[in-house]
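Heads up, the thing below is written out as structure tokens.
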Amino acid sequence: MSVDLLKLSPDEFKKIAKVVYDRTGIHLEDRKLSLLSNRLRRRLKALKMDTFEQYRKHIESAAGFKEEEPHFLSAVTTNETYFFRNEQLWRYFENDLVPDFVETKGKTKKEVRIWSAASSSGEEAYTTAIMLRELLPNFNTWNVKIIGSDISSKVLDMARAGKYNAYAVSKTTPERIKKWFDKVNADEFHLKPAIKEMVTFQFHNLRDEFPSGRFDVIFLRNVLMYFDIPMKKRVIDVVTKALADNGRLIVGDVDPIRTIPELSAHMTLSYQRPGVYQKLKTAAQGAANKKLVKA
Ligand SMILES: C[S@@+](CC[C@H](N)C(=O)[O-])C[C@H]1O[C@@H](n2cnc3c(N)ncnc32)[C@H](O)[C@@H]1O
């Protein structure tokens, strides 16, 4: 049969979904069968393979997975993102978080550490860079470290390149586009070095502990929804550990933690407002706050 007509059988789908889960924690529901068929069919063609079984056996072997990893991960992940995604969040960042940094750190260390976990192609991390550059008084006197990480090396390469299309900047004001991007044409915008050099990108699988830590803010937006409950809990533990005392976890537009009792019970960070949790300095403070939130 021509590869174009191949469709994953439910049995083969389950086997490939298991590889996806074991490698990434992403839980592919049965309704994703056609989507996965379409995405992997392209890989079969590129590798001149005749069946999905052949492809699955290839990625199940350590050597095959190593070779195929960037393509496989880009086929199974959803990387949708853009600058200034969720206006309300960036207003909170501007009106609450940055003034808090200035008040608590402005007279001492002047150090701010941010992690955009599951950064995709970098828009979230660079939005943070733009905001801090615009809002921190005497910006050059601050030590700002922003890290973006993702499991897909393809999106990390895009992030490092700092080149974006019109869709990526569709929620960025014309003033900001003018200030922080070089417009090459109607559909190509290059970040200026002043912003690009503020962020570093690295591979990280959210199943694993993050190697460096103590962040003031961790963004974990639009990614938990791809995981099942055990993986969600594991990721919550990873980011909780990586937060500095009083650091904030920002989980996103529709808070996926409070709406699930099992996750809410697992959470040790204190709820602050929709989508925002804080690692209060002492455990006692945290526990007290947790009770307040539950009441
Ligand atoms: C929809 S994007 C979210 C981008 C950005 N955080 C935002 O909200 O606009 C989800 C990203 O999560 C990444 N991802 C999925 N599973 C992951 C894992 N186990 N570890 C790290 N990143 C993962 C995907 O590669 C993808 O780039």
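Atoms within a ligand are numbered from 1 in the order they appear, just like the ligands themselves.
Taking only non-hydrogen atoms, the option from N222, V155, I151 nearest to atom 14 (N) of ligand 1 is I151.
Judged by the shortest distance from any of its heavy atoms, F227 lies inside the 4.0 Å radius around the atoms of ligand 1.
Looking at E80 against ligand 1, only its backbone comes within 4.0 Å, counting heavy atoms. Neither the backbone nor the side chain of E123 comes within 4.0 Å of ligand 1, counting heavy atoms alone. Contact annotation: for T81 versus ligand 1, heavy atoms closer than 4.0 Å belong to both the backbone and the side chain. If you look at I26 next to ligand 1, the close heavy atoms, those under 4.0 Å, all belong to the side chain. No part of F203 comes within 4.0 Å of ligand 1, judged by heavy-atom distances.
At the top of the distance list for atom 7 (C) of ligand 1, counting protein heavy atoms only, stands R85 NH1, 3.4 Å.
Through direct or relayed side-chain contacts under 4.5 Å between Ile, Leu, Val, Met, Phe, Trp and Tyr, Y82 connects to Y167.
Short contacts between ligand 1 and S120, defined as distances under 4.0 Å to a heavy atom of the residue, involve ligand atoms 4 (C), 27 (O). Near T78, with a cut-off below 4.0 Å to any heavy atom, the atoms of ligand 1 are 1 (C), 2 (S), 10 (C), 11 (C), 26 (C).
Salt-bridge annotation for D11 and K15: present, with a side-chain N of the basic residue lying under 4.0 Å from a carboxylate O of the acidic one. A salt bridge links E68 with R43: the distance from a Lys NZ or Arg NE/NH1/NH2 to an Asp or Glu carboxylate oxygen falls below 4.0 Å.
Side-chain rings of F139 and W142 stay apart, their centers remaining 6.0 Å or farther from each other.
For K154, the NZ atom sits in a packed shell: over 12 heavy atoms of surrounding residues, nucleotides or ligands are nearer than 6.0 Å.
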